[in-house]
Trainee: 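To start, I am sharing the structure in question, which I have written as structure tokens.
All residue numbers in this chain count up from 1 along the given sequence.
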Amino acid sequence: MEAFKDIFSIYIILFMLGLGLYMTFIQSNNLIQVNHLTREGQFVRYAGWFYIVLAAIGFVMLWI
């Protein structure tokens, strides 16, 4: 358990959260609406949600 605390520092968690929010709400909409790349936009949206979930798990692991 201590090894997981060492992996997830607050800076890494904030970076993953920021990257996930950017990918989910900004980049995926740009790909879908501006560039008309629907499949790529959906993939970026799912990857962004993955980063958000990973950041939430890291935040919980940091405080346990």
Trainee: With the 4.5 Å side-chain cut-off for hydrophobic clustering, are L14 and L62 part of the same group?
Mentor: yes
Trainee: So, taking the atom named OH in Y51 and the one named CZ in F15, what distance separates them when rounded to the nearest 0.5 Å?
Mentor: 7.5 Å
Trainee: Can you tell me how far apart CG (N29) and CZ (R45) are? Round to the nearest 0.5 Å.
Mentor: 5.0 Å
Trainee: Could you measure the distance from the CD atom of E40 to the CG atom of N35? Nearest 0.5 Å is fine.
Mentor: 9.5 Å
Trainee: Shared ILVMFWY cluster between L37 and V34, side chains joined below 4.5 angstrom?
Mentor: no
Trainee: Distance-only check: which donor-acceptor pairs under 3.5 Å involve side-chain atoms of residues 18-25, not counting sequence neighbours?
Mentor:
unit_1: Y22; atom_1: OH; unit_2: Q27; atom_2: OE1; d: 2.9
unit_1: T24; atom_1: OG1; unit_2: G20; atom_2: O; d: 2.7
unit_1: T24; atom_1: OG1; unit_2: W49; atom_2: N; d: 3.4

Trainee: Would you please test Y46 and F50 for side chain to side chain contact (heavy atoms under 4.5 Å, CB included) and show each step?
Mentor: CA-CA 6 Å; Y46 293 141; F50 175 75; over 6 Å; no
Trainee: What is the minimum heavy-atom distance between S28 and G41, and which atoms define it?
Mentor: CB-O, 3.4 Å
Trainee: Using 0.5 Å steps for rounding, measure from the CD1 atom of I57 to the CE atom of M61.
Mentor: 8.5 Å
Trainee: Return the CD1 to CG distance between I52 and L17, rounded to the nearest 0.5 Å.
Mentor: 6.5 Å
